[in-house]
Protein chains: 2
Amino acid sequence: MSLRHAMLGLLARGPASGYDLLKLFEISLSNVWPATQSQLYSELGRLADTGLVKVVAEGPRGRKEYAITDEGLAELRHWITEVEPNRSRRSDMLLRVFFLNTVEPEQARQYLRDRAAAAVTQHEGLAKIREFIADEQDALSVYGRIAMEWGLRFSAMQQEWAEWAAEEIGRLPSPPSD
Amino acid sequence: MSLRHAMLGLLARGPASGYDLLKLFEISLSNVWPATQSQLYSELGRLADTGLVKVVAEGPRGRKEYAITDEGLAELRHWITEVEPNRSRRSDMLLRVFFLNTVEPEQARQYLRDRAAAAVTQHEGLAKIREFIADEQDALSVYGRIAMEWGLRFSAMQQEWAEWAAEEIGRLPSPPSD
DNA sequence: TTCCGCATGTAAGTTGTTACATGATTGA
DNA sequence: TCAATCATGTAACAACTTACATGCGGAA
């Protein structure tokens with residue numbers, strides 16, 4: 001049910017079309033809650049049916065501009081403050097770790113080294129975006145910066161962990177067993 | 001497609017029934033890749049159809065014991081070493097952060113304080129499990145300990161971040177605006 | 001003998017992905 | 001005029017969730 005709230009959150013900033021929302025998802029929410037075009041259009045229909053958003057303007061090429069309603073804003077606030085976030089997250093990266101005993105220790109180390117490298121790349125990417133945005137004042141709200149900080153800390157943590165883990169494996173070179 | 005690999009990974013340790021797998025998921029994989037009973041049974045059927053596992057014994061109450069095949073093991077190893085892990089993870093916790101500007105700053109701070117508290121609880125839970133397991137020797141493989149360490153570091157990071165962020169908000173008490 | 005745990009399976013519904021399909025407008 | 005972008009929608013499929021349905025076997 002988070003897709004609908006992501007859409008309400010974007011519409012809380014101002015009216016937008018399905019196409020606008022797609023672009024907004026791509027540039028600002030792609031790392032947190034990716035959404036496809038077909039998902040957005042069908043969900044927009046449902047949101048309009050339940051009165052959480054409504055069409056406020058029609059433009060060229062069949063463009064329909066939607067705005068959040070009072071009910072929509074109330075629902076968004078309810079979701080933010082009263083609905084407990086999901087703690088469970090699936091991670092196929094971590095799932096592989098559980099099964100590293102089925103491959104050669106050297107492959108296991110390589111896997112972890114690759115994770116460390118991926119974390120570095122991710123961290124660099126975020127740092128670059130932050131720099132870029134620092135120029136334009138206020139381009140990112142306080143909350144945008146807080147989310148960005150999460151990403152930076154997460155990728156730093158992952159890098160350190162993966163490097164530590166790769167070392168850890170080297171300490172007992174047993175054949176793939178179990 | 002990770003569910004099938006999670007199942008192959010568990011079967012790589014030894015034969016098991018659908019029921020056994022369900023228990024294994026609950027106790028060891030629930031935080032990394034949750035699965036429901038109906039998912040497991042239908043996926044077992046598909047795995048058997050494609051020859052990645054096979055029935056090796058039948059027991060009381062219609063029990064069917066499955067074992068991984070050579071093809072299954074090859075597929076598992078291929079997935080571990082050659083398939084790039086998904087970088088995108090959905091986080092409704094972080095999604096809410098993006099929209100905290102729609103609620104009162106005090107509610108936003110409360111949200112972040114709650115995240116910090118949840119992280120502490122999670123960290124304590126993991127630390128307890130680690131202690132408990134340390135008693136029984138070898139109950140957790142090297143790789144199990146590495147995964148556990150990820151959880152500990154992740155929850156520690158999240159706690160620190162949430163506390164930092166809650167402070168950050170206090171520094172500019174603006175009304176809820178866009 | 002009765003209850004709990006073992007054990008399997010199906011159905012319906014939701015969410016998410018990929019692909020198909022179509023067409024209008026605008027700027028070069 | 002022609003290509004890129006704007007713009008919407010549908011269909012088919014895959015993954016996941018929740019609920020329903022049934023019945024055996026073993027231990028107290």
Side-chain angles (χ1 to χ4, degrees), chain A residues 1-8 10-11 15-27 29-50 52-66 79 83 86-92 95, chain B residues 1-8 10-11 15-27 29-50 52-66 79 83 86-92 95:
Chain A
M1 293 290 294
S2 294
L3 174 68
R4 84 180 321 149
H5 296 105
M7 293 172 72
L8 290 173
L10 291 177
L11 287 173
S17 69
Y19 190 83
D20 293 339
L21 288 177
L22 181 61
K23 299 297 153 185
L24 288 170
F25 266 87
E26 280 169 6
I27 60 169
L29 255 35
S30 62
N31 292 310
V32 177
W33 206 272
T36 60
Q37 180 254 29
S38 79
Q39 251 184 309
L40 292 181
Y41 283 107
S42 46
E43 188 63 34
L44 263 181
R46 277 188 290 262
L47 282 167
D49 288 347
T50 50
L52 302 181
V53 306
K54 65 175 177 213
V55 177
V56 287
E58 308 214 3
R61 280 167 293 209
R63 176 187 171 93
K64 281 184 278 183
E65 208 160 52
Y66 293 86
W79 176 74
V83 179
N86 275 328
R87 32 42 238 67
S88 79
R89 70 205 125 265
R90 290 190 158 85
S91 168
D92 64 329
L95 188 56
Chain B
M1 294 289 293
S2 294
L3 174 68
R4 84 180 320 150
H5 296 104
M7 293 171 72
L8 289 173
L10 291 176
L11 287 173
S17 67
Y19 191 84
D20 293 339
L21 288 177
L22 180 62
K23 300 296 153 187
L24 288 170
F25 267 86
E26 280 168 6
I27 60 169
L29 255 35
S30 61
N31 293 310
V32 177
W33 206 272
T36 61
Q37 180 255 27
S38 77
Q39 249 185 311
L40 293 181
Y41 283 107
S42 46
E43 188 62 34
L44 264 181
R46 278 187 290 260
L47 282 167
D49 288 347
T50 50
L52 301 181
V53 306
K54 65 175 178 212
V55 177
V56 287
E58 308 215 3
R61 279 167 293 206
R63 176 187 173 93
K64 281 184 280 184
E65 210 161 50
Y66 293 85
W79 176 75
V83 179
N86 274 328
R87 56 227 118 333
S88 80
R89 68 208 132 264
R90 290 189 159 85
S91 167
D92 64 329
L95 188 57

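So you know, we letter chains A, B, ... as the sequences are listed, proteins then strands, and number each from 1.
The backbone N or O of B:Q39 lies less than 3.5 Å from a partner atom in the side chain of B:S42, making a donor-acceptor pair. Checked by atom type and distance alone, the side chain of B:R89 never pairs as donor or acceptor with a backbone atom of A:R90 at under 3.5 Å.
The shortest distance between the side-chain N/O atoms of A:K64 and the OP1/OP2 oxygens of D:dG9 is below 4.0 Å. Applying the 4.0 Å criterion to OP1 and OP2 of D:dT17, one finds that A:R90 has a side-chain N or O inside that range.
The side chain of A:Q37 has D:dT10 as its nearest neighbour among D:dT10, C:dT10, D:dT5. Nearest to the side-chain atoms of A:D20 among the listed nucleotides D:dA7, C:dC6, C:dT17 stands D:dA7. Distances from the side chain of A:S17 to the nucleotides D:dT8, D:dA15, C:dG16 place D:dT8 closest. Of the listed nucleotides (C:dT8, D:dA19, D:dT8), D:dA19 has the atom at the smallest distance from the side chain of B:S38.
Of all heavy-atom pairs between A:V53 and A:Y66, the closest is CG2-CD2, 3.8 Å.
Following rounding to the nearest Å, A:L21 (CG) and D:dC6 (P) show an atom-to-atom distance of 14 Å. The CG atom of A:N86 sits 14 Å away from the P atom of D:dC16 (whole-angstrom rounding). Atom C1' of nucleotide D:dC16 and atom CE of A:M1 are separated by 16 Å, given to the nearest angstrom. One can place CE of B:M7 at 14 Å from C1' of D:dA15, the figure rounded to the nearest angstrom.
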Just the table, please: protein N/O against nucleotides 24-28 of chain D N/O, every pair under 3.5 Å.
none

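The stretch residues 39-47 of chain B touches DNA chain D through B:Q39, each having a heavy atom within less than 4.0 Å of the strand.
Checked against side-chain contact (heavy atoms from CB on, under 4.5 Å), B:R87 has no partners two or more places apart in sequence or in another chain.
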